[in-house]
Amino acid sequence: MLLHTFSHIPGIGNTTEQRLWDSGITTWSKLQKKPDIVPRLSSREIVENLALSQKFLGHDPHFFTKRLKRADVWRLFPHFRASTAYLDIETTGLGDSADITTIALYDGREVKTYINGRNLESFVDDVMEFKVLVTYNGISFDIPFIERFFKTKLDHAQIDLRYVLARLGCKGGLKGCEKQMGINRGTLDGIDGAFAVLLWREYERYDNESALETLLAYNTEDTVNLERLLVEAYNRNVAKTPFAEELYLPFPSCPQLIFQPDAEIVSLIKQHYC
DNA sequence: AATTGTGGCGAATGTCTGAT
DNA sequence: ATCAGACATTCGCCACAATT
């Protein structure tokens, strides 16, 4: 979709971009040949910006995420998919004194999980292999939390699905969006972030391995669903452009999930707290 | 509960166009 | 050559929504 995108050029908004499409200027190369068609911008500016766009395509996602609106960053997904990871963290709470308990990192093929007290530290090295991170509300929560916890800067470009989905009319949190986008979860229905805190406590206090495994199953499912949500959001957005057929993405297959949620421990904790 | 950034909205700024 | 009007983008502020 980037090759059809003009709204990342300073001075061109969504209105001008739409007008360009309507007048048959649908790609970077077509605009390159008629750069004088854009009102208020010099041909030189246009040509320079298109040259930069071409240069950074496939190499530097920041060039595009910085210049696009938060809700429009879905556009760079296919171009950077090979260096994209999906990410979700679980913590002991929301405040800045809370700790990270588990992390799930999904590259589109396999899920890696990280557990506090075991292998959490190796997350930092692993995540550096990627250029783009996909999250839900990660701009406000996951990424700053990770940076504070590990005292490291993550300079990945971000696709935060919260804003992409909100533009499509999907609100009400991750679970609400999954429902609206037709993605359902199995046994883990009814578990949320607050419950994840309780699962971790159960694991820590009683060394309950199946509480941990249930937490990891939940963490993993959230993370894997991010890819499906992004593909669905991409297709719905693309459907509103003249390029729908050409750009449509197939729904991703589900990776093998190794963690089994334990229904017994879930109902035990529910009884105890509700 | 603690924190964060944005979408929304009105106002301000800037540029192009057409009329004089 | 100049100016008003139309249109588009950007700015500044605040309430709200989202994460565990």
Side-chain angles (χ1 to χ4, degrees), chain A residues 6-23 35-46 49 65-74 86-104 113-116 120 133-149 154 157-180 188 190-204 211-212 214-223 225-226 229 269 273:
Chain A
F6 305 120
S7 59
H8 66 298
I9 297 172
I12 299 184
N14 297 55
T15 325
T16 308
E17 181 180 69
Q18 185 64 52
R19 253 212 292 273
L20 286 171
W21 289 348
D22 290 344
S23 63
D36 54 316
I37 200 173
V38 185
R40 280 168 306 143
L41 289 180
S42 69
S43 294
R44 192 182 53 82
E45 280 178 286
I46 294 292
N49 270 289
T65 49
K66 270 191 290 197
R67 291 157 156 241
L68 286 168
K69 296 229 161 65
R70 294 275 194 225
D72 283 331
V73 293
W74 56 270
Y86 312 85
L87 169 77
D88 183 46
I89 69 174
E90 306 301 328
T91 72
T92 56
L94 292 173
D96 56 3
S97 62
D99 291 322
I100 294 179
T101 58
T102 65
I103 303 177
T113 53
Y114 304 86
I115 302 160
N116 192 330
L120 198 52
L133 294 179
V134 179
T135 58
Y136 191 91
N137 201 35
I139 288 178
S140 305
F141 185 75
D142 300 69
I143 303 301
F145 206 108
I146 288 170
E147 291 182 329
R148 198 185 320 125
F149 184 86
L154 293 191
Q158 293 193 56
I159 299 180
D160 190 330
L161 286 174
R162 176 185 169 185
Y163 304 107
V164 176
L165 291 170
R167 171 74 63 81
L168 287 170
C170 280
K171 295 182 185 174
L174 179 61
K175 309 294 175 290
C177 288
E178 285 176 1
K179 282 219 171 69
Q180 288 181 62
L188 289 162
I191 301 186
D192 59 10
F195 196 86
V197 177
L198 304 178
L199 283 168
W200 179 258
R201 279 192 208 153
E202 183 75 13
Y203 157 72
E204 276 224 305
L212 175 62
T214 306
L215 173 59
L216 289 171
Y218 166 73
N219 191 189
T220 300
E221 174 141 30
D222 270 0
T223 307
N225 278 346
L226 291 173
L229 280 171
I269 295 177
Y273 283 92

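This one's a predicted model, so the numbers in the text were calculated from it and none came from an experiment.
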Upstream residue (5' side of DNA chain B) when A/A71 and A/P144 are each assigned their closest nucleotide:
A/P144
Please figure out whether A/D142 or A/P10 has its closest DNA chain C nucleotide nearer the 5' end.
A/P10
Base, sugar-phosphate, or nothing for A/G93, non-hydrogen atoms under 4.0 angstrom?
base
Side-chain N or O of A/R167 less than 4.0 angstrom from OP1 or OP2 on B/dT6?
no
Just to confirm, is there a sub-4.0 Å distance from OP1 or OP2 of C/dT9 to any side-chain nitrogen or oxygen of A/T15?
yes
Where is the tightest heavy-atom contact between A/T102 and A/L215, given as atom of each residue plus distance?
CG2-CD2, 3.8 Å
Hey, which of these two, A/A166 or A/R148, hits DNA chain B nearer its 5' end, going by closest nucleotide?
A/R148
So what does A/Y136 hit on the nucleic acid, given a heavy-atom distance under 4.0 Å: a base, only sugar-phosphate, or nothing?
sugar-phosphate
Quick one: is C/dT19 close enough that its OP1 or OP2 comes under 4.0 Å of any side-chain N or O from A/T135?
no
Residue A/R70, side-chain heavy atoms: nucleotide from B/dT6, C/dA18, C/dT20 that is nearest:
B/dT6
Taking A/N137 for the side chain and A/R162 for the main chain, is one N or O donor matched with an acceptor at less than 3.5 Å?
no
Just how far, in rounded Å, is C1' of C/dT20 from OH of A/Y218?
8 Å
Atom-to-atom span, CG of A/N137 to P of C/dA18 - whole angstrom:
8 Å
When you measure from the side chain of A/S140, which nucleotide among C/dT20, B/dT4, C/dT9 comes out closest?
B/dT4
Which one of A/H8, A/R44, A/R67 satisfies the side chain to side chain donor-acceptor pair (under 3.5 Å) criterion with A/N49?
A/R67
Donor-acceptor contact below 3.5 Å, side chain A/T101 vs main chain A/T92:
no
Check every strand shown and say whether A/D88 touches a base, only sugar-phosphate, or nothing at a heavy-atom separation below 4.0 Å.
sugar-phosphate
Expressed as a whole number of angstroms, how long is the span from A/R19:CZ to C/dT9:P?
8 Å
Rounded distance in Å - CZ (A/R162) to P (C/dA18)
6 Å
Measure from CZ on A/F145 to P on B/dA2 and round the result to the nearest Å.
13 Å
Spell out, as yes or no, whether a donor-acceptor pair under 3.5 Å connects the side chain of A/D142 to the backbone of A/D88.
no
Rounded to whole Å, please give me the gap between CG in A/L161 and C1' in B/dG5.
16 Å
With sugar-phosphate meaning primed atoms plus P, OP1 and OP2, does A/G11 contact a base, only sugar-phosphate, or nothing at under 4.0 Å between heavy atoms?
sugar-phosphate
How close or far is atom C1' of C/dT19 from atom CG of A/N219, stated in whole angstroms?
13 Å
Separation of A/L87 atom CG from C/dT20 atom P, in whole Å?
11 Å
